[in-house]
Amino acid sequence: MDYNFREVEQRWQKAWKEQKIYHVEEDLSKPKFYVLDMFPYPSGAGLHVGHPLGYIASDIYARFKRQKGFNVLHPMGYDAFGLPAEQYAIQTGQHPAITTKQNIARYREQLDRIGFSFDWDREFKTADPDYYKWTQWVFIQLFNHCYCKKCEKAIPIEELKKHLAQQGTEGLHLAETKPLSFTAEEWNAMSEEEQETTLLNYRLAYIADTWVNWCPKLGTVLANDEVVNGVSERGGFPVERKLMKQWILRVSAYAERLLKGLETLEWSDSIKEVQRNWIGRSEGAFVRFSIENQSDTLDIFTTRPDTIYGVTFMVMCPEHALIEQITTPDRKQEVDAYVQWARNRSETERQTDVKKVSGVFTGAYAINPFTEEKIPIWVAEYVLAGYGTGGIMAVPAHDSRDYAFAKHFNLPIREVIAGGDISKEAFETKDGTCINSGCIDGLSVKEAGKKIIEKVIEMGIGYGTVNYRLRDAIFSRQRYWGEPFPVYYKNGIPYMLPEEDLPLLLPEVDKYLPTENGEPPLARAEHWQTAEGYPLECSTMPGFAGSSGYFLRYMDPHNDKEFVNKEKNKYWENVDLYVGGSEHATGHLIYSRFWNKFLFDLGLVCKDEPYKKLINQGMIQGRSNFVYRIIQTNRFVSLNLKDQYEVTPIRVDVNIVHNDILDIESFKKWRPEFADAEFVLEDGKYICGWEIEKMSKSKYNVQNPDDLVERYGADTLRMYEMFLGPIELSKPWDTNGIEGVFRFMKKFWRLYHNRENEFCISEEEPSREEYKILHKTIKKIEDDNERFSFNTSVSAFMIATNELSDIQCNKRKILEPLAILISAYAPHIAEELWHLLGHTDFIVTATFPTFDGSYLVEKDANYPVSFNGKTRLQRKFSLDLQPKELEKIILEDPEVQKWLDGKTPKKVIIVPKKIINIVI
RNA sequence: GCGGAUGUGGCGUAAUUGGUAGCCGCGCUAGACUUAGGAUCUAGUGCCGUGAGGCGUAGGAGUUCGAGUCUCCUCAUCCGCACCA
C-alpha cells in the first residue's frame with residue numbers, strides 16, 4: 001500500500017493543535033522573526049486555490065526560519081468589517097456578525113486542512129470589541145495630535161493650544177487644512193466652539209466639509225471607482241456631488257516621511273514606484289496674485305515659477321470659494337450655470353472626457369506681480385480642487401493643458417522659454433533659456449525659478465514650497481458594519497469619549513439601511529447618545545481602519561490595558577516578512593505606514609516602518625473549460641471538429657473535465673438539460689476547449705482547496721502551488737500538473753520504505769556520491785528559501801528524490817536531513833517520517849542541516865573547450881591545477897594542436913569551473 | 001500620455017547572474033507489466049533534416065573570444081497612475 005496521506009495528515013494536524021507546538025512567546029535567548037500574511041476578509045464563497053498561495057509561501061519561510069534558530073511570530077486573523085456582510089444583512093435581515101462568524105468558521109476549517117503553522121492563540125478579528133477598542137483609541141490619539149512640520153513629528157494638541165494662547169499663529173509650522181492667521185488675543189477671545197472649530201484645522205483626525213460622491217438611494221458616500229457614468233456601480237442609482245461633513249485623516253502631513261521611508265524598505269521597485277507616484281512630490285512655488293478691486297488674493301501653486309512672465313490667464317477650480325465673490329454681475333449667470341454643472345460631475349466623469357475643454361470667464365482680473373498686467377480669471381474643471389490651492393496661473397506657451405485651453409477660448413499665448421515652436425504645441429521642456437521675461441531674461445529655467453522664488457519672498461507674496469498629490473483620507477462611511485467613532489457632539493462640535501468608556505460598542509439596529517431622511521444606519525439605534533444625552537457620531541470607520549495597526553496587536557493580542565505592551569513591541573519590533581497582494585499598494589500599505597509612523601511619534605512603538613520586506617504574490621487565475629453545442633441541437637462537438645459546425649461555446653464545470661477530456665457520464669448528470677446529450681467525438685474522446693479567466697463561481701472554474709486536499713493531500717497541494725511558478729507571478733491554475741507532484745510525494749515516501757511498504761532505513765555510512773546529493777540539495781534549498789524561489793526548491797526535491805531512488809539509497813544520514821529540508825514544504829509527511837526515524841520531538845524544532853561544501857568539490861571534471869567561442873571539445877582536467885598549468889596542458893592536447901594548426905592563440909580564457917576558451 | 005514590469009519548446013517554467021539554453025513537471029510518442037484505472041515502470045520528446053549538420057530565447061542592431069542575461073531601437077502583453085499646474 002502507498003503512503004496514506006489522509007490518515008497521516010489528520011493525525012499530525014490533531015497532534016500539532018493539541019500540543020500547541022506553534023505557540024510562540026517572547027524568548028530573549030533567540031533572535032526574533034515576524035512573518036505576516038495580509039489577513040483575509042472572510043467572504044461567503046470560502047477559499048479557492050488562489051488564496052492560500054501567499055499563506056503557503058509565508059508558512060514555508062516561517063518554518064524555515066524556525067529551523068534556522070529564530071523565534072518566529074506567525075499569526076493569523078480576520079479583517080471582519082466590510083460591505084459584503086452588510087449587503088447580505090440588508091437583503092436578509094441577518095446580523096452581519098452572524099454571517100461573519102459562519103464565514104470565519106469555514107475559513108478556519110479550510111486553513112486548518114492545509115497544515116499552516118499559525119499561532120492561533122493570537123487570533124482576533126477586527127470586529128471584536130476587544131480589538132476595535134484600540135482602533136477607536138488610536139483614532140482619539142489622532143484627534144488629539146497635530147503635525148509639526150519643523151520637528152517632523154506629531155505633537156499633542158495641548159502644545160498647540162499653549163502656543164496659540166501665547167503667540168497666536170505666529171511661528172506655527174503645522175500641517176493644516178488652510179493657512180490661518182490670528183493673534184493670541186484673538187484666540188483667547190474666542191468661544192469654546194470657535195476654538196474647537198479652529199483646532200480642527202490642525203488635528204490629525206478632523207471633520208470637514210468635503211466634496212463627495214453621494215448616492216441618495218444607497219444612502220452612502222461612494223469611492224470614485226464605485227461610480228460609473230454618473231450612476232452607482234451597484235444598482236445603477238444616480239450619484240451626485242455633495243458637500244458633506246466627513247471625518248478625515250491628515251495623511252498628507254506624513255507625505256514626506258512616507259516617501260523617504262520607502263528607501264529603507266525591501267519592497268519591489270514597482271510597488272515603491274506606485275507609492276512614489278501616489279504621494280506625488282513636486283517642488284515649486286506658492287504665489288499670491290492680487291485681484292483687481294478685491295481684498296482677497298488668488299493663491300496658486302506652480303512648479304514653473306520661471307514662466308511667470310508667460311501667464312496670460314488664471315484658472316480656478318469650480319469648487320473654489322472665491323468664485324461667487326469675484327464674478328462680475330454681467331458674468332454671474334453664465335458662471336453659476338457652469339459651476340453648477342461642473343460641481344455635479346463625478347471625478348470619474350471628469351476623467352473620462354479629459355480631452356474636452358470647458359470653462360467660463362468670471363469677468364474678474366488678477367494682477368501679475370511681475371508685469372503688473374491685468375490677467376483674466378477663468379473657472380474650468382481641468383483645475384482640481386484637491387490639489388495645490390485649487391487655482392493656477394496658466395502659461396499656455398509651456399503647458400499643454402493651458403495651451404489647449406487658450407486655443408479653445410482664443411486666449412493669448414506668450415512664449416517665455418526659447419527653443420520651441422509654440423504655433424503647434426506647448427513647449428514643455430525644463431531645460432531652456434528664458435526670453436521676454438524681464439528680470440530673468442537669459443537665465444536657465446532652473447536659475448530663473450530660484451530667482452523668482454527669491455523675489456516673491458522679498459515682495460511678501462509667496463515662497464518656495466513642496467506640494468504632494470497625496471490627499472487626506474476620508475475616514476467616515478455611512479454604513480453599519482464598521483467601527484463606531486468614539487465621538488459625541490455638543491453644540492455641533494465633536495468631542496472624544498473618555499478613553500475609559502471604550503470600546504464604544506456597535507449598537508443593535510432593526511434594519512441595516514440608512515434612515516428615511518438619509519442618516520447612516522446607526523441613527524436607527526435606540527439611545528445612540530452619551531449618558532448625558534449628547535448625540536453620538538452615526539457614521540462608522542472604513543475598512544482600512546482595522547487593518548492599519550493590526551500587525552502590532554498580534555504581538556500582544558489579549559492586553560486590555562494598552563494597545564501593545566512596550567516590552568513586547570520592543571522584542572518583536574515590526575514585520576520582517578509581509579506577504580500579500582499588490583492591489584493594496586495605494587490603500588492599506590499607505591494607511592498602515594501612516595498609522596504606524598504616528599504611533600512611533602507618540603513613542604508607543606519602536607519602529608517607524610511596519611513592514612520591512614514585502615512579497616507580493618501573484619493572482620491565480622482560473623482555467624475555464626468549454627464544450628461546443630451545435631446550434632439548436634443537443635449535440636456537442638469535440639474541440640478540433642467544431643469548425644465544421646456552427647456552435648455555441650458553453651462553459652463546463654472544470655471538475656468533470658480531466659486533462660481537457662470531458663467525463664461524458666458526469667456531464668450528463670451535471671445538468672438535467674444535458675441528460676440526453678449526444679456527442680461528436682475525436683479518437684473516441686470529447687476534448688474541451690479552454691480559456692484563462694478570473695476564477696469565479698459563475699465561470700465554473702473554481703478549484704476548491706478542500707477537494708484537492710481530499711484527493712492529493714495537503715502536502716501535495718502545498719508543493720504544487722509553489723511548483724506552479726515564481727511567487728510574484730500571476731498564473732493560471734492548472735490541475736493537470738498536480739499529478740506530477742503527487743507522484744513525487746509517493747516516490748519520496750518510498751525512499752524511506754522497502755517494496756513491502758515497511759519503514760526501512762540503514763545506519764550505514766553513506767558514500768561520497770550520496771553525501772553529494774544531500775549537500776547539493778541543502779545548498780539549493782537554503783539559497784532558494786532565502787530568495788523566495790520556492791518553485792525551484794520543489795524541483796530540487798524532485799531531483800534529489802530521483803537520484804536517491806536511482807541508487808536505492810536508504811541511509812539515515814542522508815534521509816534524516818532530507819526530511820528536515822522538506823518539512824517546511826510538506827510538513828505532514830516530514831513529521832511522520834521524522835517520528836518513524838525514532839524522534840519524539842516535532843520536526844519544527846529540528847535544526848536546519850548544515851551544508852558541507854567539500855562534498856560538492858570535484859577532483860576532476862569535464863570542461864568544454866571552445867575556439868573563438870565555438871565549443872569543439874570536452875576535456876577532463878584536474879581541479880587542483882593552477883590556471884597557468886591548465887593552459888599549458890590544454891595547448892598541448894593533440895586535438896587542440898590540430899585545430900591551432902601552428903598558430904599561436906591570442907589568449908586563453910579560463911573561467912573557473914565553467915569553460916575554457918581559446919581565442920585566435 | 002507618464003511610470004513600472006514581462007516576452008525562452010505544445011504548456012507551467014529553469015539556467016550557478018556574461019560561460020555547453022531548455023533543469024523539473026505537465027502533455028505527447030513508443031514499450032513493459034497488469035487485478036484494464038484518471039495505476040506503475042522504462043525509453044524518447046526545442047525546430048528543420050534519413051543523415052552529417054543547420055537553426056533556435058518576440059524582432060532588429062550593437063558591445064564581447066562568448067549574450068536568454070549588458071546597451072540602443074521596434075513590436076506585443078500585463079499592471080499602476082492619469083487634466084496633479
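Below, read A as the first sequence line, B as the second, and so on, with proteins coming before strands; counting in each chain starts at 1. All values below come from the heavy atoms of this structure, side chains included, with hydrogens, waters and symmetry mates left out.
Nearest nucleotide to the A:Arg469 side chain, out of B:rA82, B:rA85, B:rA39: B:rA82. Listed nucleotides B:rA85, B:rA15, B:rC83 differ in distance to A:Glu381; the shortest reach to its side chain belongs to B:rC83. Among the nucleotides B:rA85, B:rG4, B:rU40, the one closest to the side chain of A:Arg750 is B:rU40. Proximity note for A:Asp399 (side chain, C-beta onward) versus B:rG3, B:rA14, B:rA85: the nearest is B:rA85. For A:Asn277, the listed nucleotide lying nearest its side chain is B:rG3; candidates were B:rA15, B:rC41, B:rG3. Listed nucleotides B:rG38, B:rC81, B:rC24 differ in distance to A:Phe723; the shortest reach to its side chain belongs to B:rC24. When distances run from any side-chain atom of A:Met798 to the nucleotides B:rC26, B:rG19, B:rG25, the shortest one goes to B:rG25. Side-chain atoms of A:Asn802 lie closest to B:rG25 of the nucleotides B:rG25, B:rC81, B:rA85.
Between A:Arg743 and B:rU40 there is a side-chain polar atom (N or O) within less than 4.0 angstrom of OP1 or OP2. Taking side-chain N and O atoms only, A:Ser270 has no distance below 4.0 Å to OP1 or OP2 of B:rC79. Close to B:rG25, at under 4.0 Å from its OP1 or OP2, lies no side-chain N or O of A:Asn791.
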* To do: Give the intermediate values and the outcome of side-chain hydrogen bond (donor to acceptor under 3.5 Å, both in side chains) for residues A:Asn757 and A:Trp749.
  => CA-CA 9 Å; A:Asn757 197 35; A:Trp749 175 258; 3.0 Å; yes
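Residue A:Arg711 is classed as a base contact, given a heavy-atom separation below 4.0 Å to a base. Using a 4.0 Å heavy-atom cutoff across all strands shown, A:Ser282 reaches sugar-phosphate atoms only and no base atom. Nucleic acid contact for A:Leu729: sugar-phosphate only, since backbone atoms but no base atoms lie under 4.0 Å from a heavy atom of the residue. Here A:Pro732 lies out of heavy-atom contact (under 4.0 Å) with every strand. Backbone-only contact: A:Leu724 has heavy atoms under 4.0 Å from sugar-phosphate atoms and none from a base.
No hydrogens or angles considered: a donor-acceptor pair under 3.5 Å links the side chains of A:Gln703 and A:Thr735.
In this structure, B:rG80 forms a base pair with B:rC2, meeting either the Watson-Crick or the G-U wobble geometry with both donor-acceptor distances under 3.5 Å. Nucleotide B:rA85 is matched to nothing when pairs are restricted to Watson-Crick or G-U wobble geometry with both distances under 3.5 angstrom. In this entry B:rA15 has no Watson-Crick or G-U wobble partner, no candidate having both defining distances under 3.5 Å. In this entry B:rU35 has no Watson-Crick or G-U wobble partner, no candidate having both defining distances under 3.5 Å. Using Watson-Crick or G-U wobble geometry with both donor-acceptor distances under 3.5 Å, B:rU64 finds no partner in any strand shown. Both distances falling under 3.5 Å, in either a Watson-Crick or a G-U wobble arrangement, place B:rC55 opposite B:rG46. Applying the Watson-Crick and G-U wobble criteria (two distances, each under 3.5 Å), B:rG10 pairs with B:rC26.
Taking syn as a glycosidic angle within 90° of 0, B:rG68 does not qualify and is anti. An anti base is found at B:rG56: its glycosidic angle is more than 90° from 0. Taking the O4'-C1'-N9-C4 or O4'-C1'-N1-C2 dihedral as appropriate, B:rU17 has a value within 90° of 0 and is therefore syn.
Across the protein-nucleic acid pair, A:Gln617 atom CD and B:rC79 atom P stand 17 Å apart, rounded to whole Å. Summarising the geometry, the separation between CZ on A:Phe742 and P on B:rU40 is reported as 8 Å, rounded to the nearest angstrom. A straight line from CD of A:Glu583 to P of B:rG80 spans 10 Å, rounded to a whole angstrom. As a whole-Å value, the separation of A:Met619 CE from B:rC78 C1' is 12 Å. Taking atom CG on A:Asp734 and atom P on B:rG27, their separation rounds to 9 Å, with Å as the unit. In this structure, CG of A:Leu259 is placed 15 Å from C1' of B:rG3, rounded to the nearest angstrom.
Aromatic rings from A:Phe748 and A:Phe797 are positioned such that their centres are separated by 6.0 Å or more.
Ring geometry for A:Phe742 against A:Tyr712 counts as perpendicular: the plane angle is over 60°, on a 0 to 90° scale with 30° as the lower cut.
Counting heavy-atom neighbours within 6.0 Å of A:Asp269 CG, excluding the residue itself, gives a total of 12 or less. Under a cut-off of 6.0 angstrom, the local environment of NZ in A:Lys746 is crowded, with over 12 non-hydrogen atoms contributed by other residues, nucleotides or ligands.
A salt bridge between A:Lys779 and A:Asp783 is present, with a side-chain N of the basic residue lying under 4.0 Å from a carboxylate O of the acidic one.
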